[in-house]
Amino acid sequence: MSTRLSQLFVRTLREDPVDAEVASHRLLVRAGYIRRQAPGIFAWLPLGLKVRAKIEAIVRQEMANAGAQEVLFPALLPREPYELTGRWEEYGDGIFRLKDRKDADYLLAPTHEEVFTLLVKDLYSSYKDLPLSIFQIQDKYRDEARPRAGLLRGREFSMKDAYSFDYTDAGLDVSYQKQRDAYERIFTRLGLEYVIVQADAGAMGGSRSEEFLHPTVVGEDTFVRSAGGYAANVEAFTTEAPPARSFEKLTPAEVLPTPDSPTIATLVAEANERHPRPDGRAWTAADTLKNIVLGLTHLDGTRELVVVGLPGDRDVDLKRAEVAFAPADVEPATEADFLAFERIPDRPALVKGYIGPWSETGAFLGEDSATGIRFLTDPRVSEGSGWITGANLAGHHVFGLVAGRDFATDGTVEVAEVLAGDPAPDGSGPVELARGMEIGHVFQLGRKYADALGLKVLDENGKLVTVTMGSYGLGVTRVLAVIAEANNDEKGLIWPRNVSPFDVHVVAAGREEIVWEVAEALVDSLEGAGLDVLFDDRPKVSPGVKFGDAELIGVPVIVIVGRSAAEGTVEVWNRRTGERTSVAVGDVATAVAAIG
RNA sequence: CGGGGCGUAGCUCAGCUUGGUAGAGCGCUCGGUUUGGGACCGAGAGGCCGCAGGUUCGAAUCCUGUCGCCCCGACCA
């Protein structure tokens, strides 16, 4: 096949579009792959569609390898299935809803678990039909609060979503592994670096969940990884508790005056000045126990105050807190929360800046304490660890307060921020923090949807069993953007060969008749060799413009037919390395094939 | 939802402070000259200056309101 640039529906832009910040967005628009229609919604031009189709082809091959069959659901769906699982409400403002002429509710599907489940229920009723894996490549619609970065977070995006159906947990493990393997092959073929991180399975009720993240500074997720191979989303990171220590040699706790020390920084300074450590080492923030009051809003609307205690050198990571307290909503306690607490009879006052689990009159925090406020601590607050913390008395802290001896907790909680250098929970060394973009997610859903929608089959014993499911998402248009993000330079895009819109970009540079004759013949022969050729045949366009467009469009191999055409040679230009070599016309196909 | 910025030609922008009825570059059309790194000359097409009120003899410009967009944050399977 070949396409003449003079005929291709495209217009490249000389300047960067003003609304594009990240490289992939900027370049895909500039090079004429996509055009914005509305925030987070894009039209696809021929170049963009060709790349998209190549990515889809790779995905389809690997889905077939994994034994999944392709189906296609509409993007426009009725309300009922989503009503059955509660997601019509749960999604809130996150979905596009619409009504038909009879005032019936519809939505543009944000994801398709429900209808996949219902279709299987419709067709299958025996264990003999399982396992089953089916998938589609379909557009999803989410009314994002803030679409950003072009294709990286859109309101309309293409996703490959696969679902597996098994009637045993062991079967689900096998199906899950097949998809997981397929993802590894897909991203490897696409040349995309990826890290598989443990994800939070949380509110979805699943048992196993892993995300494929592509490390990139424009990524939206923060994850951690260790040199020893541990990787996890920060939401899923767990902290190893130090071993319990004996209390025996520890000195008793002591209340000391610390006026004007409502913050950790002032407390540490004051402690070092007025109450230096007996061993001569300086107090640090990590020696203090910071007690943060959080306000939880439970699903039934009730409000609960919770205090979390964590080492003073760490802040609460609200994303981790959301996971820890799911499904409740979490926010720092508000003034209204403190006022409401004050109005409860027979409760001691919370002294801001001096809150702690212990007071001279007994336990202050915890379900069985004077306040009755639930008190959870970071795993580092292990039995036998000693702390400086608030004495619930303005201007006073208690020093040497020992967990398990002087105060008790209602349990541990993972809400502290993760810092670079923290030890990985599997002992594989200290972790580093990195940014990543989620490009795939494999997820053992378990029986949540099958339960809600009544998907059961008869097993070998003639008993009805609920099917267990997995869901496996891969953002096709996001992957396209991520590839563009990872493969460009200041001149434009540089596609990997197997997703490039064309195999080779032939540029005719020069006005001599011979240039055009040689170029035409070359295009024919490359086509004959099975290559998909983009031919810049524009007659009155200067070479500089053609070279610039070729670099912008990003086909990895460019062939320049120009001043040496008469001698039967052309230049083969490796877009990625910039290297240009003179090649006899007859050897071009071989030279092109040699460039990955 | 909070913070910041911006709406003038297809694109990137100037003009607004100090009101006088629309500009540049690129792109596009026609003619000619050019042709290995975004050429040049000449002639053109193209804008309800986001929208609605108001002030004024007169508003892109001043005032009020409104809508929209972009960026950062919150949120997000």
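Per chain, numbering begins at 1; letters A, B, ... match sequence-line order. Remember, predicted model here, so these are calculated numbers, not experimental data.
Closest to the A/Arg14 side chain, of the nucleotides B/A77, B/G27, B/C75, is B/G27. Comparing B/G38, B/A77, B/C76 against the side chain of A/Val545 picks out B/G38 as the nearest. Which of B/C76, B/G38, B/A77 sits closest to the side chain of A/Asp549 comes down to B/G38. The A/Arg142 side chain lies nearest to B/A77 when the options are B/A77, B/C75, B/G38.
Rounded to an integer number of Å, the gap from A/Met437 CE to B/C76 P is 16 Å. Rounded to an integer number of Å, the gap from CZ of A/Arg511 to P of B/G36 is 8 Å. Between the CG atom of A/Leu318 and the C1' atom of B/A74 there is a distance of 10 Å, given to the nearest Å. Put simply, CD on A/Glu512 is 8 Å from C1' on B/U35, counting in whole angstrom units. Rounded to an integer number of Å, the gap from NE2 of A/His441 to P of B/C76 is 14 Å. Rounded to a whole Å, the CD atom of A/Gln136 is 19 Å from the P atom of B/A77. Rounded to an integer number of Å, the gap from CD of A/Gln138 to C1' of B/A77 is 16 Å. If you take CZ of A/Arg320 and C1' of B/C75, they are 19 Å apart, rounded to a whole angstrom.
Spacing of C1' atoms, B/A60 relative to B/U8, comes out at 7 Å, to the nearest Å. Taking the C1' atoms as reference points, B/G23 lies 11 Å from B/G47, given to the whole Å. For B/C62 and B/A77, the P atoms lie 44 Å apart once the distance is rounded to whole Å. Taking atom C1' in both B/C41 and B/U34, one finds a spacing of 11 Å when rounded to whole Å. The gap from the P atom of B/G4 to that of B/G42 amounts to 48 Å, rounded to the nearest Å. Taking atom P on both B/U61 and B/U55, the two are 15 Å apart, rounded to the nearest angstrom. Comparing the C1' positions of B/C63 and B/A22 gives an interatomic distance of 23 Å, to the nearest angstrom. Separating the P atom of B/A59 from that of B/C49 is a span of 12 Å, rounded to the nearest Å.
At a threshold of 4.0 angstrom between heavy atoms, the contacts of A/Gly562 include nucleobase atoms, whether or not backbone atoms are also involved. Contact annotation for A/Glu571: base contact, defined as any heavy-atom pair under 4.0 Å involving a base atom. Base contact: A/Phe157 has a heavy atom under 4.0 Å from a base atom.
A donor-acceptor contact under 3.5 angstrom links the side-chain atoms of A/Glu15 to the base of B/G25.
Nucleotide B/C6: paired with B/G68 (Watson-Crick or G-U wobble, both distances less than 3.5 Å). Of all nucleotides present, none satisfies the Watson-Crick or G-U wobble test against B/C49 with each distance under 3.5 Å. Remark: B/C40 base-pairs with B/G32. Criterion, Watson-Crick or G-U wobble with two distances under 3.5 Å. In this structure B/A59 sits in no base pair that meets the Watson-Crick or G-U test at under 3.5 Å. Base pairing analysis places B/G73 opposite B/C1; the two distances defining the Watson-Crick or G-U wobble pair are each below 3.5 Å. Remark: B/G25 base-pairs with B/C11; criterion is Watson-Crick or G-U wobble with both hydrogen-bond distances under 3.5 Å.
Between the side chain of A/Lys546 and the backbone N or O of A/Arg538, at least one donor-acceptor pair lies under 3.5 Å. A donor-acceptor contact shorter than 3.5 Å links the side chain of A/Arg478 to the backbone of A/Leu152.
Toward the 5′ end of RNA chain B lies the nearest nucleotide of A/Gly510, the other residue of the pair A/Arg478 and A/Gly510 mapping further downstream. Residue-to-nucleotide proximity on RNA chain B shows that, of A/Pro539 and A/Arg11, the 5′-proximal contact is made by A/Arg11.
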Protein-nucleotides 70-72 of chain B N/O pairs under 3.5 Å:
unit_1, atom_1, unit_2, atom_2, d
B/C70, OP1, A/Arg36, NH1, 3.4
B/C70, O3', A/Asp19, O, 3.4
B/C72, OP2, A/Arg146, NH1, 3.1
B/C72, OP2, A/Arg146, NH2, 3.1

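Considering A/Leu192, A/Leu493, A/Ile439 in turn, A/Leu192 is the only one that fulfils the side chain to side chain contact (heavy atoms under 4.5 Å, CB included) rule with A/Ile483. Among A/Val588, A/Val515, A/Val507, A/Asp587, the single residue meeting the side chain to side chain contact (heavy atoms under 4.5 Å, CB included) criterion with A/Val570 is A/Val588.
The aromatic rings of A/His441 and A/Phe443 sit parallel to each other, their planes meeting at less than 30°, with 60° as the upper class boundary.
With sequence neighbours excluded, the residues satisfying salt bridge (charged side-chain N to carboxylate O under 4.0 Å, His left out) with A/Glu414 are A/Arg320.
For A/Asp169 and A/Gln444, the side-chain atoms include no donor-acceptor pair closer than 3.5 Å.
The distance from atom OH of A/Tyr141 to atom CG of A/Leu98, rounded to the nearest 0.5 Å, is 11.0 Å.
Taking 4.0 angstrom as the limit, A/Ser542 places a side-chain polar atom (N or O) nearer than this to OP1 or OP2 of B/A39.
Salt bridge A/Glu210/A/Arg180: present, at least one basic N to carboxylate O contact under 4.0 Å.
Applying the ring-ring contact (aromatic ring centres under 6.0 Å, His included) rule to pairs touching residues 6-49 of chain A yields A/His25-A/Phe42, A/Tyr33-A/Trp495, sequence neighbours excluded.
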